[in-house]
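See structure below.
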Amino acid sequence: MKRYFGEFGGMFVPEMLVPALQELETAFEKLKTDNKFEHELHTLLHDFAGRPTPLYHAANLSKKYGFKIYLKREDLLHTGAHKINNCLGQALLAKRMGKKRLIAETGAGQHGVATAAVGALLGMQTTIYMGRKDVERQKQNVFRMKLLGAKVIPVETGSQTLKDAVNEALRDWITRLETTHYLLGSAVGPHPFPSIVEYFQKVIGEEARHQIHHFERKKPKAILACVGGGSNAIGMFNAFIPDKNVRLIGIEAGGRGKNMGQNAATLCLGTLGVLHGAKTLLLQDKHGQVSDTHSISAGLDYPAVGPKLAFLKRSGRVKVHAVTDKEALDAFMELSRLEGIIPALESSHALAYLKHLKLKKGDSVIVNLSGRGDKDLGIVMENLKGI
């Protein structure tokens, strides 16, 4: 298992965390070759989560843009997003390791809900850390977590968003290593977390690769995915990385725009640094202090990115662009009105980039619809008066 992707990655943590990470790596490598574990995971992904998810030809959207648009419908999964893939895998891993308790960070709340769901399923005590700002803007998901039996702890420090929730989860974990597994939700953090999350999310791209061949008998011209920490993007991109003629495009949160203050466009604007145990690209000032970020979507409101995505961007394999809050809202409305599908604001960022693609009539593109928009209706109502 790779500790580094080029210069990105590694294990930059307090010494007392190293044995726990090594224990996790050893257990994960062993279970990857355990047929019983793989069967149990596959069964739960099918029967509990609802895999495989469809690859949907968005005919009305395709007609508008002049090329074929397919949506990978991760929004149809149980709990409403791709997060359940990783949560099932890691929770089963933790159970095999003898852990009794799960902790997790969450921004938009989808990872928190998925963690709470698998905690209930497997009979494990669950605690979720969530920035106070995100608690307020994602009240529905907070209630869902509590309904599923999880304890939700609002984080009052820093910017009160995802970055600070990760900080608090790490503090919790370091004091309860023997009984607790930190179910990290994105492809970030110290080794082996980025590789573990990628492994459990790669099912998205593997399914999409077979499905697009069924529809088109050829590879798509481009794959689009939104990028915060990077779990849905690396899960979708993974299967297509060897296909040099398939453009891999990550879409970040441009916030209010170039002249309007904060954003969360880490791959576009970030510089090399260390955050949450890994060397990667992050948004920081000239003194190395982590910058505050802003996105209308809580799940993209994070100042760093997974190390493999940083490597793929630096190597040129993944191209990266940012779209504004307004563009994401417009795309949210467009998909709702044209296709009858209400997307998450995170996914809406990827959809918003469709207008910038220059493709021919017979070309196809896949957009990873990483989650559904139920959780975002309050935010949208506040920003779209008179709808």
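Here the structure is a predicted model, which is why all the values come from computation and not from measurement.
- With rounding to the nearest 0.5 Å, the separation of CG in D330 from CG in D325 is 11.0 Å.
- Although no hydrogens or angles enter the test, the distance criterion places no donor-acceptor pair under 3.5 Å between the side chain of E156 and the main chain of R132.
- Looking at S347, its side chain does come within 3.5 Å of a backbone N or O of S370 through a donor-acceptor pair.
- In this model, no donor atom of one side chain and acceptor atom of the other lie less than 3.5 Å apart for N232 and E346.
- Judged by distance alone, with hydrogens and angles left aside, the side-chain atoms of K95 form a donor-acceptor pair with the main-chain N or O of L122 at under 3.5 Å.
- When each of T293, D301, L269 is paired with N263, the side chain to side chain contact (heavy atoms under 4.5 Å, CB included) condition holds for L269 and for no other.
- Under a 4.0 Å N-O distance rule, the pair K100/E178 does not qualify as a salt bridge.
- Judged purely by atom type and a 3.5 angstrom limit, S186 uses its side chain to pair as donor or acceptor with the backbone of G230.
- For the residue pair E252 / H321, no side-chain donor-acceptor distance below 3.5 Å is found, with atom types taken as modelled.
- Residues V365 and L354 are in side-chain contact: their nearest non-hydrogen atoms beyond the backbone lie under 4.5 Å apart.
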What verdict does the salt bridge (charged side-chain N to carboxylate O under 4.0 Å, His left out) test give for K139 and D134, after you've listed the backbone C-alpha separation in whole Å, the side-chain angles of each residue and the deciding distance to 0.1 Å? CA-CA 8 Å; K139 291 179 181 178; D134 294 334; over 6 Å; no
Is there a salt bridge (charged side-chain N to carboxylate O under 4.0 Å, His left out) between R137 and E382? Walk through the geometry before answering.
CA-CA 11 Å; R137 58 180 171 175; E382 288 178 10; over 6 Å; no
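- Closest non-hydrogen pair, A20 versus L177, comes out as CB-CD2, 3.8 Å.
- Here the side chain of R101 pairs no donor or acceptor atom with the backbone of Q125 at under 3.5 angstrom.
- A donor-acceptor contact shorter than 3.5 Å links the side chain of D285 to the backbone of G288.
- A salt bridge is absent between D363 and K360; no separation between the charged side-chain nitrogens and carboxylate oxygens falls under 4.0 Å.
- Using a cut-off of 4.0 Å between Lys/Arg side-chain N and Asp/Glu carboxylate O, K99 and E23 are scored as salt-bridged.
- If you take CG on N368 and CE on M236, they are separated by 4.0 Å, rounding to the nearest 0.5 Å.
- Using cut-offs of 30° and 60° for the angle between ring planes, the F48 and H78 rings count as perpendicular.
- How far CD1 of I366 is from CD1 of I212: 4.5 Å, rounded to the nearest 0.5 Å.
- Looking at H349, its side chain does come within 3.5 Å of a backbone N or O of L345 through a donor-acceptor pair.
- Both tests hold for K32 against Y199: distance to the six-membered ring centre under 6.0 Å, angle to the ring axis within 45°.
- For the pair K83 and E74, the salt-bridge criterion is not met [side-chain N within less than 4.0 Å of a carboxylate O].
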Expected list for residues 308-317: side-chain donor-acceptor pairs under 3.5 angstrom, two or more places apart:
unit_1 : atom_1 : unit_2 : atom_2 : d
K308   : NZ     : E198   : OE2    : 2.7
K313   : NZ     : L267   : O      : 3.2
R314   : NH1    : E7     : OE2    : 2.7
S315   : OG     : F311   : O      : 3.1
S315   : OG     : L312   : O      : 3.1
R317   : NE     : I241   : O      : 2.9
R317   : NH1    : V246   : O      : 3.0
R317   : NH2    : F240   : O      : 3.1
R317   : NH2    : I241   : O      : 3.4
R317   : NH2    : D243   : O      : 2.6
R317   : NH2    : V246   : O      : 2.9

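- No hydrogens or angles considered: a donor-acceptor pair under 3.5 Å links the side chains of K72 and T53.
- Note on V118: it clusters hydrophobically with I196, by side-chain heavy-atom contacts below 4.5 Å among ILVMFWY residues.
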- Between V188 and L275, does a side chain to side chain contact (heavy atoms under 4.5 Å, CB included) hold up when you go through it step by step? CA-CA 9 Å; V188 299; L275 183 67; over 6 Å; no
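- Between the side chains of E327 and Y353, no donor-acceptor pair of N or O atoms lies under 3.5 Å.
- Ring geometry for H276 versus Y302: interplanar angle under 30°, hence parallel rather than tilted (30 to 60°).
- Side-chain contact annotation: E105 with N167, donor-acceptor N/O pair under 3.5 Å absent.
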- Determine, step by step, whether Q160 and V155 satisfy the side chain to side chain contact (heavy atoms under 4.5 Å, CB included) criterion, reporting the C-alpha distance in whole Å, the side-chain angles of both residues, the deciding distance to 0.1 Å, and the verdict. CA-CA 6 Å; Q160 302 181 10; V155 177; over 6 Å; no
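- In this structure, CD1 on I204 lies 11.5 Å from CD1 on I223, to the nearest 0.5 angstrom.
- At a cut-off of 3.5 Å, with distance as the only test, no side-chain donor of Q211 or Y70 sits close to an acceptor on the other residue.
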Check against side chain to side chain contact (heavy atoms under 4.5 Å, CB included), S295 and Q262:
CA-CA 8 Å; S295 172; Q262 296 164 356; over 6 Å; no
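- L351 contributes atom CG, which lies 10.5 Å from atom CZ of F332 (distance to the nearest 0.5 angstrom).
- Applying the ring pair (Phe, Tyr, Trp, His ring centres under 6.0 Å) definition to pairs two or more places apart or across chains, none involves residues 128-168.
- Between the side chain of N86 and the backbone N or O of L184 there is at least one donor-acceptor pair closer than 3.5 Å.
- Under the side chain to side chain donor-acceptor pair (under 3.5 Å) criterion, E40 pairs with no residue at all, not counting sequence neighbours.
- Residues L248 and K319 have side chains not in contact (no heavy-atom distance under 4.5 Å, counting atoms from C-beta outward).
- For K30 and D34, the salt-bridge test fails: no basic side-chain N is under 4.0 Å from an acidic carboxylate O.
- The shortest distance between side-chain heavy atoms of H39 and N35 does not fall below 4.5 Å.
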*Derivation of the side chain to side chain contact (heavy atoms under 4.5 Å, CB included) call for N60 and K63*: CA-CA 5 Å; N60 297 330; K63 183 177 180 181; 5.7 Å; no
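- Panel note: side chain S62, backbone I69; a donor-acceptor pair is recorded below 3.5 Å.
- The main-chain N or O of R372 is never found under 3.5 Å from a side-chain atom of Q110 such that the two would form a donor-acceptor pair.
- The two residues A233 and V227 make their nearest non-hydrogen contact at CB-CG2, 3.9 Å.
- Atom OG1 of T161 sits about 11.0 Å away from atom NE2 of H294, to the nearest 0.5 Å.
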